[in-house]
Amino acid sequence: MESRSTYLVITNNPLVVKCMPADLAVEYHDVTYREVLVLVRDMVYAGHRLYTHPLSGSVKPNETPYKSIVVSKKPKKMEMDEAFIISSSIETFDKFTPIRRELPERVLKDFRLIDYTLLCGAVGLDAVAGLSNNK
Amino acid sequence: MKLELGYIQIKDIQFSKECKVENGTLYVDPDAVKAFMYEEDDVKDWVADFKFDIAKPGESVRITPVKDVIEPRVKVEGGGGIFPGVVAKVDTVGSGKTHVLRGMAVVTAGKIVGFQEGIIDMSGPGAEYTPFSKLNNFVVVAEPKDGYQDHKHEYERAVRLAGLRAAAFIGEIGRNVTPDETQEFETLGIKEGIEKYPDLPRVAYVHMLQTQGLLHDTYVYGVDAKKTLTTIIYPTETMDGAILSGNCVSACDKNTTYHHLNNPVVAELFAQHGKTLNYVCNIITNENVYLADKQRSSDWSAKLCRLLDLDGAIVSQEGFGNPDTDLIMNTKKIELQGVKTTIITDEYAGQDGKSQSLADADPLADAVVTGGNANEVIILPKMDKVIGMLDYVDVIAGGHAGSLREDGTIEAEIQVITGATNEMGFNRLSAR
């Protein structure tokens, strides 16, 4: 596993911003799930390594509004297989029927939590310990 | 390794002060079950109360949101105890004799997160999509203690353990009951197997386990499988609960503990063992989110397939999206070792069924069995009784605002139904 210092988390999840350890770089964007995928796609095309799968979790892309993906902080050389994974993730996103609904705050909170724990599981962080930073 | 399963057919469940099986009826004391569940500290700390109910096939009953489905079993001979590393000590299981309370299940239900899904209808069109509508279900509805909102990891663990403990308690009731039917399963050593079946193709089952995070985990002898490397397990170990579900998202294609205990791929490979093939073993591998983990785990699957001199492998996945990449990586690499594969998956092909089914693909993955299209829309009629709660129906996968209509019917995709498109093939959708 690469050193944590090489990671950059691209996220639209405020809980991730609050709970990640100080030595892990986080870039927060106030955008949609799909826009996070597009941001990461463009970074991968520019040579950033894709470290985590964009479609982490069984919560469907039209269900949760939150997405966090880890890429390399610095661009290197574009990896074809990683470019394929991020671009086909956008295709997968687009095949889900958009759901128009207002989600209550308690549900949004749980979606933020799941996205956060999937990220922790991916990079080997203790999710429960990190939550103590969410004061 | 040899295991004998003794099936005790359960035709009815009754609440009773006495715990026994008599003439195919299970009599069970819910207070005694509750006391056994509360012996676990996590349960004491996080569960305020349990409510019990019984749901029988054909009744106008809807159980939701379902967390896990578990078949009660008890080890009566051989090493270890049921659910090793979680309920029993971590000793190796899979040999000796195990009694199975067949025709029933423990179903755990209740809120954990606000979007939780999982519907089991005991009658009507929805019942046709879930195998659990055909069972007598002992339903345990968990009520969290105040403050659980900020302790979801701990509460999830408590409910998971509580369900397993309830099933272990009920399984124990069958210890001294004479089974209605017995069946033996045996896996030989590598050399013995080659000598006994020199002309049969050597086939293994590559069993992919959901391993991503909270509500997306699987445990092997109590170990979180995302922290493991691909390894080998005797198929009979899985029949004694060596693999347990901690997966609670995507109801249609999650593998419940019941699925792990009754894995249809294992059953079918054993049925063909010594006739059309030599069933060598199971290879268990994970579905981590970190791409380098995927690379490592799928490399390992392929290495083991080669080392075992396999001719063929059945590969099953669990979940949506991320695992598709593991599925294709495993399949491609195993094929490149000269081992033929057949994969089992389900599809997210859109409500019209016209979209690409998986998030990944490869020409080498040319033999596929599908569990069905999870995006297919269904209307579930109102049921007379709900066990659990309907609070979540509007926010579950495949549901939408207005899913729960005023007349009590639900419009949603079949992904809301527990086991509808199971990726081991343990479901009721078929083109046969």
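We name chains A, B, ... by the order of the sequence lines, and we start the count at 1 in each one. What you see below is based on every heavy atom in this structure, not just the backbone, and it leaves out hydrogens, waters and symmetry mates.
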Is there a ring-ring contact (aromatic ring centres under 6.0 Å, His included) between A:Tyr33 and A:Phe111 once you walk through the steps? CA-CA 12 Å; A:Tyr33 184 128; A:Phe111 279 134; over 10 Å; no

By a 4.5 Å heavy-atom criterion (distance strictly below it), what part of A:Ile114 contacts chain B: side chain, backbone, both, or neither? side chain

What part of B:Asn375 is in contact with chain A, defined as an atom under 4.5 angstrom from a non-hydrogen atom: side chain, backbone, both or neither? side chain

Should A:Lys109 and B:Asp150 be marked as a salt bridge (charged side-chain N to carboxylate O under 4.0 Å, His left out) after you check the CA-CA gap, both sets of side-chain angles, and the distance that decides it? CA-CA 10 Å; A:Lys109 190 178 170 189; B:Asp150 294 322; 3.1 Å; yes

Under 4.5 Å to a heavy atom of chain B? For A:Glu82 that would be side chain

Toward chain A, the part of B:Gln210 with a non-hydrogen atom under 4.5 Å: side chain

Does B:Lys227, at its NZ atom, have more than 12 non-hydrogen atoms belonging to other residues, nucleotides or ligands within less than 6.0 Å? no

Is A:Ser56 in contact with chain B via its backbone, its side chain, both, or neither, using a 4.5 Å heavy-atom distance? both

Toward chain A, the part of B:Leu215 with a non-hydrogen atom under 4.5 Å: side chain

Does any non-hydrogen side-chain atom of B:Asp299 lie less than 4.5 Å from one of B:Arg296? no

Counting C-beta onward and ignoring hydrogens, is there a side-chain heavy-atom pair between A:Glu35 and A:Lys67 closer than 4.5 Å? no

Under 4.5 Å from any heavy atom of chain B, what part of A:Tyr116 do you find: side chain, backbone, both or neither? neither

I'd like to know if the side chain of B:His153 reaches the main chain of B:His151, judged simply by a donor and an acceptor atom lying under 3.5 Å from each other, with no hydrogens or angles considered. no

Check each atom of B:Lys294 against the heavy atoms of chain A and say whether the ones under 4.5 Å are side chain, backbone, both or neither. side chain

When you compare the side chain of B:Tyr348 with that of A:Lys60, does any pair of heavy atoms fall below 4.5 Å? yes

Between A:Leu119 and chain B, which part of the residue has a heavy atom less than 4.5 Å away: side chain, backbone, both or neither? neither

Can you say whether B:Glu154 sits under 4.5 Å from chain A via the side chain, the backbone, both, or neither, judging by heavy atoms? side chain

Is it the backbone or the side chain of A:Phe96 that comes under 4.5 Å from a heavy atom of chain B, or both, or neither? side chain

I would like to know whether B:Thr257 and B:His260 meet side chain to side chain donor-acceptor pair (under 3.5 Å); could you show each step before the answer? CA-CA 5 Å; B:Thr257 296; B:His260 287 297; over 6 Å; no

Counting heavy-atom pairs under 4.5 Å to chain B, which of A:Leu118, A:Val123, A:Thr92 comes out on top? A:Leu118

CA sep, side-chain torsions, deciding dist, call: A:Glu105, A:Arg112, salt bridge (charged side-chain N to carboxylate O under 4.0 Å, His left out): CA-CA 10 Å; A:Glu105 175 53 27; A:Arg112 289 195 287 269; 2.5 Å; yes

Pair count under 4.5 Å, heavy atoms only, with chain B: among A:Asp110, A:Asp81, A:Leu55, A:Thr117, highest is A:Asp110

